[in-house]
Chemist: 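Pasting in a structure now, in structure tokens, and then I'll have a few things to ask.
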Amino acid sequence: MKSTLLFLISLFLILQSIAQDYQREVKYIHPADSLVLINLPELELPDSYKGEKTLLLPLELDNSSLPYFRSIFSQDGWSCGQAASIGYNFTYEINRVRNLVADTTVNLYPTHFAYNFYNDGNYSQGVCYHHTFDVLRSCGTPNVYDYGGMSNGHLHWMSDYEKYYNGMHNKIDKIYSISVADEEGLMTLKHWLNDHLTGTEYGGLANFYTDVIGVNLLPPGTPEEGKSVVTQFGNYSGHALTIIGWNDSIRWDYNEDGQYTNDIDINNDGIVNVKDWEIGGFRLANSHGENWADSGFSYVMSKVLAEEKYNGGIWNKAVHVISVKEDYIPFLTYKIELKHTSRTRLKVIAGVSSDTTDLWPEHTMEFPMFNYQGGDHYMQGVDTIESQKTIIFGLDVTPLLSFIEYNEPAKFFFQVQEYDPNNKAIGRLIYFALMDYLNGGQEIPSPVSDIPLTENGYTTLSVVHNPSYEKIIIDTEELPALISGQPYSHQLTASGGDDPYKWDLLRSYSINQYYENYPVIVGQELTPNSTLNGYVTQPIPFSFPFYGQTYDSITIHVDGFLMFNEIKYPFPYQIYDEVLFKHEPMLAVFLNQNIQIFESNQGLWYEGNEEYSAFRWVVELVNDDGVIPLDFTVFLYPDGKIEYYFQDFGNPDDYRRITGISMGDGFNYELAGFTNNVPVESQQVVSFIPKNFLSDLSIDNDGLLSTEELFESKIYDITVKVTDNNEISDRKSFQISSGIIYDYTIVSGDDNRIDPGEEP
């Protein structure tokens, strides 16, 4: 009796500890991250997988039994997103394509290499797995052996070029979403788990966000009786889990009628669907160690995946899956040695120019790491050790080959941008070299080394080199003319580079900057729902065209931007405004989440008629140095033209913000040249003028261009981009009309920007 009592007490303490872990970790997945995940490409069940192929699926499957799946582990800190997506999913997928066993540190992949770039140096900072997928897509990840463990602490940044280079070989290729709201969605998930929807010998895994409030036990007399099962989740969406398989036979009696059915309306909503299922479920792996549920595993009923979140479901009724690059090899990399006392004040940039006399890069490339991240710490994270101020790292800059000519020399730039207006930190750029693996790993060092970083500005080093690579080229010379009133399609072709290719449409605006008197907007004062991060929606008297869509009302946010729907902002976990900017349609005039309305003479104003609509902010920015008054205005016009006006702000070095416009798809956006710096002179105007493009024009992965739009008698601008397996791309623009054909290749403008984090 005593031993039984002691066992029950011990079990209670274990369960209480697990529950406390969940309470510490569970947070809402904030809308900025939600928008990103919603906008991921969605996998649907191909016609060839319907019918007989679905009937041939096994009744149960468990991919954790395969040698590619690693053992259950306990996450460190609030890194559940990385534990699920990298620790389980990526580790499984990369080992599967390479046919390696996930039982050594060489074949395991850490959570914290990616996590520590986004946690702001905070142990309790959750990070959405989308952000860290960006790291794995553009930069790769080292294995556990090179990194020194699964976590190695919440502050650690790895220092060793060879380890960064090794990690560049381990990359994600694509990320997809699968809706599991209905039976077809669940079948799509099953086929992914079975064969990736492509006929592979072994299937994949899937991740999703929700929370866990506890597990039940499958009832006696049913398949898998006594095993753990989740019959509903809680109210939050801050914990990530991994789906590893399914079992079509498990049962749970939701309506307690003594029977298990999938064909009765048990929730009394008048229809019978997955929300009424009491038979069938999926298999989960968690990252709370082997003490959770069945040694770290549990079932979840299929009904739960399709339920509304408020009724115990998962976030957005969606799961996320990945594909990986089996044998990626970087062609060009940078080797850098950098010293600084505050890594959160630094951003690194790579660039290239075909003109070797240039003093500034013609094309630039930014990265999802070393980008004002990691908190106010030394470069490697430990502030009490002098050597931790210095870090040696590598960057994969292979995409820069997109902008150079074959067998012609080019100038490669490395830049460090320091944002430190009060000179609180100091540093040095000790070493920079271009590494050319097209030529056996040739190292081309900069002739200049060990120089102090420019205070609150750019430090630039460069080398001249000829990498000699035949890049991918769009072969299509011209597009056939449109025929009014008829659907249009045309196959584009490309050659060179490495298969497979990926095609995208680029929708661009021309940007102009000039000086003009600041307009006085004295119209209607608007009342936001909060003077701190609040918003208010205002109808306008015309349909405003923006990236091919039209809007009749605008939502103005206190924090310096306009949107076209009402979402709360900012959000828990939101550290970087760039996420929201890139993945939601918006006009960012002065986007900064630290803006507020405080004084009685401050506020938001609207003035408009059939010729324009104008919105004005008179607000203040609160930063480390105090409160700074701001005054700026945006004008919108019926033809889609946009104008930003900025009143005199005083000292421009005290501000950080985003100024630009975004379509919200992750890669169609425009940034003003002075983003993150206020104009040096007052009354500066930035205008964005849309080019003529067809709003419903689309292009598929094979380069088929098509539209159903009924055409007007005008010339349209069409810009396409093709990218090969090495992330090297070519861009080409065409003009098309009913009878007039003209084409040209983009050589300048914002298309020079490479965004390694753009969506697949």
Side-chain angles (χ1 to χ4, degrees), residues 63-64 66-119 123 127 129 131-173 204-205 207 240-242 244 285-290 292 295-297 322 324-330 368-369 374 380-382 388 391-396:
N63 286 333
S64 70
L66 298 175
Y68 318 121
F69 188 84
R70 63 150 298 143
S71 59
I72 293 294
F73 68 99
S74 294
Q75 68 189 61
D76 183 11
W78 292 28
S79 61
C80 63
Q82 293 63 52
S85 62
I86 301 173
Y88 290 129
N89 200 345
F90 177 78
T91 297
Y92 171 91
E93 291 288 10
I94 201 75
N95 285 322
R96 180 191 61 82
V97 298
R98 295 173 178 174
N99 196 26
L100 299 173
V101 179
D103 62 354
T104 69
T105 56
V106 175
N107 297 334
L108 301 177
Y109 296 89
T111 54
H112 279 47
F113 172 76
Y115 173 72
N116 284 358
F117 283 106
Y118 281 91
N119 65 8
Y123 178 84
V127 175
Y129 52 60
H131 303 311
T132 48
F133 275 154
D134 276 352
V135 173
L136 269 63
R137 186 165 46 204
S138 62
C139 306
T141 179
N143 56 32
V144 168
Y145 178 82
D146 278 349
Y147 190 65
M150 280 295 288
S151 66
N152 217 342
H154 66 283
L155 294 175
H156 175 66
W157 282 9
M158 184 175 71
S159 179
D160 188 315
Y161 170 77
E162 292 300 328
K163 293 177 180 178
Y164 278 90
Y165 174 71
N166 292 341
M168 294 174 198
H169 296 73
N170 308 317
K171 288 192 173 186
I172 285 173
D173 184 22
L205 309 181
N207 299 125
L241 291 161
T242 305
I244 59 175
N286 197 5
S287 55
H288 284 175
E290 294 186 353
W292 183 81
S295 300
F297 298 100
I322 61 173
V324 298
K325 295 191 174 183
E326 179 179 354
D327 54 3
Y328 176 80
I329 299 174
M369 59 186 195
Q380 293 188 52
V382 180
Q388 295 263 313
I391 191 169
I392 301 172
F393 62 97
L395 299 169
D396 184 2

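Numbers here are sequence positions counted from 1.
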Chemist: Just verifying a value: how many Å separate N152 CG and T111 OG1, rounded to the nearest 0.5 Å?
Modeler: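 The distance works out to 10.0 Å.
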
Chemist: Angle between ring planes, Y68 versus Y92, binned at 30° and 60°: parallel, tilted or perpendicular?
Modeler: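 Taking Y92 first and then Y68, their aromatic rings stand perpendicular (interplane angle over 60°).
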
Chemist: Set out, in order, the CA-CA distance, both residues' side-chain angles and the distance that settles side chain to side chain contact (heavy atoms under 4.5 Å, CB included) for M158 and Y164, then state yes or no.
Modeler: CA-CA 8 Å; M158 184 175 71; Y164 278 90; 3.7 Å; yes

Chemist: I need the minimum non-hydrogen distance between E93 and L205, along with the two atoms involved.
Modeler: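 So the minimum-distance heavy-atom pair works out to OE2-N, 3.8 Å.
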
Chemist: To the nearest 0.5 angstrom, please state how far the CD1 atom of I391 sits from the CG atom of D160.
Modeler: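 Reported to 0.5 Å precision, the distance equals 10.5 Å.
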
Chemist: Specify the closest pair of heavy atoms between M150 and G87, including all atoms of both residues, with the distance to one decimal.
Modeler: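 Looking at all heavy atoms of both residues, the shortest contact is CE-CA, 4.3 Å.
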
Chemist: How would you list, by chain and number, every residue that makes a side-chain contact (heavy atoms from CB on, under 4.5 Å) with A114, sequence neighbours excluded?
Modeler: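 Listed in chain order: I86, T132, V135, L136.
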
Chemist: Which residues pass the side-chain contact (heavy atoms from CB on, under 4.5 Å) test with N143, not counting sequence neighbours?
Modeler: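 N143 satisfies side-chain contact (heavy atoms from CB on, under 4.5 Å) with V106, Y109, Y145, D146 only.
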
Chemist: Can you sort out the partners of K171 under salt bridge (Lys or Arg N to Asp or Glu O under 4.0 Å), two or more places apart, ordered by chain and number?
Modeler: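 With sequence neighbours excluded, K171 shows a salt bridge (Lys or Arg N to Asp or Glu O under 4.0 Å) to D396, given in chain and number order.
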
Chemist: Could you walk me through whether N63 and F69 pass the side chain to side chain contact (heavy atoms under 4.5 Å, CB included) test, one step at a time?
Modeler: CA-CA 7 Å; N63 286 333; F69 188 84; 6.0 Å; no

Chemist: Looking only at atom types and distance, does a side-chain atom of Y118 sit under 3.5 Å from a main-chain N or O of P368, one as donor and one as acceptor?
Modeler: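 Flag set: sc Y118 to bb P368 pair under 3.5 Å.
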
Chemist: List for me each residue that meets side-chain contact (heavy atoms from CB on, under 4.5 Å) alongside L100, sequence neighbours excluded, and say none if there are none.
Modeler: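 So L100 forms a side-chain contact (heavy atoms from CB on, under 4.5 Å) with N95, R98, N107.
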
Chemist: Looking at every non-hydrogen atom in both residues, tell me the closest pair between T91 and A102 and how far apart they are.
Modeler: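 Of all heavy-atom pairs spanning T91 and A102, the closest is CG2-CB, 4.3 Å.
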
Chemist: For a quick test of reading the model, state the closest non-hydrogen atom pair linking Q75 to S287 and the distance between them.
Modeler: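 The pair with the smallest heavy-atom distance is OE1-OG, 2.6 Å.
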
Chemist: Are the aromatic rings of F117 and W157 close, with centres under 6.0 Å apart?
Modeler: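 Judged by ring-centre distance (under 6.0 Å), F117 and W157 do meet the cut-off.
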
Chemist: Who are the side-chain contact (heavy atoms from CB on, under 4.5 Å) partners of D103, not counting sequence neighbours?
Modeler: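 Expected list: V101.
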
Chemist: Examine distances only and state if a side-chain atom of N119 and a backbone atom of H154 form a donor-acceptor pair shorter than 3.5 Å.
Modeler: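 Judged by distance alone, yes, a pair lies under 3.5 Å.
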
Chemist: Among all residues two or more places apart in sequence or in another chain, which pass the side chain to side chain donor-acceptor pair (under 3.5 Å) test with K325?
Modeler: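 For K325, the residues satisfying side chain to side chain donor-acceptor pair (under 3.5 Å) (neighbours in sequence not counted) are E727.
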
Chemist: What are the two closest heavy atoms between P142 and P110, and how far apart are they?
Modeler: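 So the minimum-distance heavy-atom pair works out to O-CD, 3.0 Å.
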
Chemist: How long is the gap from CD1 on I172 to CD1 on I322, to the nearest 0.5 Å?
Modeler: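 Answer rounded to 0.5 Å: 4.5 Å.
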
Chemist: Could you tell me the separation between the OH atom of Y161 and the CG atom of N166, rounded to the nearest 0.5 Å?
Modeler: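 Reported to 0.5 Å precision, the distance equals 9.5 Å.
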
Chemist: Quick one: which of F73, Y88, W292, F297 gives a side chain to side chain contact (heavy atoms under 4.5 Å, CB included) with N286?
Modeler: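 The side chain to side chain contact (heavy atoms under 4.5 Å, CB included) with N286 is passed solely by W292 among F73, Y88, W292, F297.
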
Chemist: Tell me whether the rings of Y129 and F133 are parallel (<30°), tilted (30 to 60°) or perpendicular (>60°).
Modeler: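 The rings of Y129 and F133 sit tilted, inter-plane angle from 30° to 60°.
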
Chemist: Just verifying a value: how many Å separate R70 CZ and S64 OG, rounded to the nearest 0.5 Å?
Modeler: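 Here the rounded value is 12.5 Å.
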
Chemist: Could you measure the distance from the OG atom of S159 to the CD atom of Q388? Nearest 0.5 Å is fine.
Modeler: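 Taking OG in S159 and CD in Q388, the distance rounds to 8.5 Å.
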
Chemist: Would V324 and D173 count as a side chain to side chain contact (heavy atoms under 4.5 Å, CB included) here? Give the steps.
Modeler: CA-CA 5 Å; V324 298; D173 184 22; 5.7 Å; no

Chemist: Counting only N and O atoms by type, is there a donor-acceptor contact under 3.5 Å from the side chain of Q82 to the main-chain atoms of V127?
Modeler: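 Between the backbone of V127 and the side chain of Q82 there is a qualifying donor-acceptor contact (under 3.5 Å).
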
Chemist: Kindly give the heavy-atom pair with the smallest separation between H112 and S151, and that separation in Å.
Modeler: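 In terms of heavy atoms, the two residues are closest at CB-O, 3.2 Å.
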
Chemist: Between Y115 and D76, is the side chain to side chain contact (heavy atoms under 4.5 Å, CB included) condition met? List the steps.
Modeler: CA-CA 11 Å; Y115 173 72; D76 183 11; over 6 Å; no

